[in-house]
Amino acid sequence: MNLWNSVLDFLLPRYCKVCGRRLDAGEVHMCVPCFLGMPCLDYDMNGLSPAEKILMTERQVVRAASMMQYDKDSHYRNLLYNMKYYNKPKVGTWLAGIGARRLQSKGFFEGVDCIVPVPLSKRKQRRRGYNQCSFIARGVSGVIGLPVVENAVVRDVEKVRQAGLGKYQRWDNAEGLFRVAEPGVLAGRHILLVDDVMTTGSTLCSMIETIAAAVPDIKISVFTLGIVEV
Ligand SMILES: [Zn+2]
């Protein structure tokens with residue numbers, strides 16, 4: 001940590017996005033105790049991960065994993081709130097990089113050809129200014145060196161209003177209809193779908209079924225930052 005960063009830290013203090021404590025010069029997004037206490041999930045190639053149990057009915061799915069447990073009563077949800085609602089999408093890139101390194105050592109990405117973020121509808125993306133899943137995809141791409149394919153799958157309309165949904169449903173509602181805009185780009189490939197938080201899996205299942213119906217000879221793996229135990 002150089003002097004300039006120390007001066008910047010003094011002038012513009014940064015805070016832990018989990019517990020709110022002021023960060024030291026060498027800490028990024030989280031303080032060390034919060035970093036070490038992250039509710040990370042292990043991945044075992046021989047077992048069924050929580051994400052795989054949810055998606056096991058989709059026969060195109062090869063592997064699925066989530067980086068951490070998501071609990072609405074845990075302060076760790078602040079990380080994902082920052083990424084999704086408070087204009088800090090780079091938190092997602094950073095977290096995804098950590099999650100991807102852990103999974104890479106287990107062979108999770110073997111055979112994958114490219115990374116496809118779950119799209120937002122145009123209207124929603126305009127309102128938020130970004131798609132958080134694209135930032136997560138970039139974090140994974142930075143580790144495994146595979147391209148991120150945007151716009152091959154799009155989301156056309158918003159069907160369900162977010163307000164009025166429960167805390168978990170808000171993360172995982174099936175608003176919008178997926179459509180494969182460029183099937184040729186995905187044909188014959190093993191794609192890694194990337195989402196922020198999986199709850200019931202309904203959004204991912206709907207996207208997987210749409211892709212499987214439109215794209216010949218497709219294999220799909222899934223990575224999400226969080227998963228809710230429901
Ligand atoms: Zn902290």
Side-chain angles (χ1 to χ4, degrees), residues 1-44 49-51 54 64-106 108-109 115 117-118 120 128-144 162 165-172 194-200 203 222-230:
M1 195 49 49
N2 62 32
L3 179 64
W4 173 239
N5 282 338
S6 304
V7 171
L8 263 185
D9 245 27
F10 177 74
L11 295 173
L12 297 165
R14 301 166 306 128
Y15 298 92
C16 173
K17 292 187 174 69
V18 179
C19 73
R21 186 177 76 69
R22 189 166 169 175
L23 292 179
D24 292 333
E27 293 171 333
V28 183
H29 297 308
M30 265 190 269
C31 67
V32 167
C34 286
F35 183 81
L36 295 175
M38 264 199 294
C40 285
L41 294 166
D42 255 338
Y43 184 78
D44 177 359
S49 71
I54 290 174
S66 304
M67 178 185 177
M68 67 170 107
Q69 192 72 48
Y70 177 84
D71 179 347
K72 68 176 168 48
D73 298 321
S74 156
H75 287 310
Y76 285 94
R77 68 158 189 224
N78 297 338
L79 282 172
L80 301 169
Y81 269 64
N82 265 281
M83 170 192 75
K84 192 162 175 173
Y85 298 118
Y86 302 146
N87 204 27
K88 300 270 192 299
K90 286 183 179 168
V91 175
T93 308
W94 179 73
L95 278 174
I98 296 166
R101 270 189 291 276
R102 290 167 60 102
L103 287 170
Q104 192 180 33
S105 67
K106 305 279 173 73
F108 179 81
F109 300 108
I115 306 165
V118 173
L120 293 180
R128 186 171 296 161
Y130 58 91
N131 175 5
Q132 71 279 3
C133 295
S134 297
F135 281 80
I136 299 169
R138 278 174 223 171
V140 177
S141 173
V143 173
I144 64 175
Q162 293 264 308
L165 292 177
K167 270 185 178 153
Y168 285 141
Q169 287 165 297
R170 205 172 301 160
W171 284 103
D172 197 33
V194 169
D195 202 1
D196 47 21
V197 177
M198 187 185 326
T199 58
T200 63
T203 303
V222 174
F223 170 75
T224 75
L225 284 184
I227 186 162
V228 174
E229 205 169 28
V230 278

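In each ligand, atom 1 is the first atom listed, and ligand 1 is the first ligand listed.
The main-chain N or O of Met30 is never found under 3.5 Å from a side-chain atom of Lys17 such that the two would form a donor-acceptor pair.
Residues Thr203 and Met198 fail the side-chain proximity criterion, which asks for heavy atoms closer than 4.5 Å.
Minimum interatomic distance between Phe135 and Thr93 (heavy atoms only, all atoms of both residues): O-OG1, 2.8 Å.
For Asp44, there are no salt bridge (Lys or Arg N to Asp or Glu O under 4.0 Å) partners two or more places apart in sequence or in a different chain. Taking Tyr76 as the reference, nothing meets the ring pair (Phe, Tyr, Trp, His ring centres under 6.0 Å) condition, with sequence neighbours excluded.
For the Zn ion (ligand 1), the set of protein N/O/S atoms nearer than 2.8 Å consists of Cys16 SG, Cys19 SG, Cys31 SG, Cys34 SG, ordered by chain and number.
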Going by atom type alone, with no hydrogens or angles, which donor-acceptor pairs under 3.5 Å involve a side-chain atom of residues 18-26 and a protein atom two or more places apart or on another chain?
{"residue": "Arg21", "atom": "NH2", "partner": "Glu27", "partner atom": "OE2", "Å": "3.3"}
{"residue": "Arg22", "atom": "NH2", "partner": "Asp9", "partner atom": "O", "Å": "3.0"}

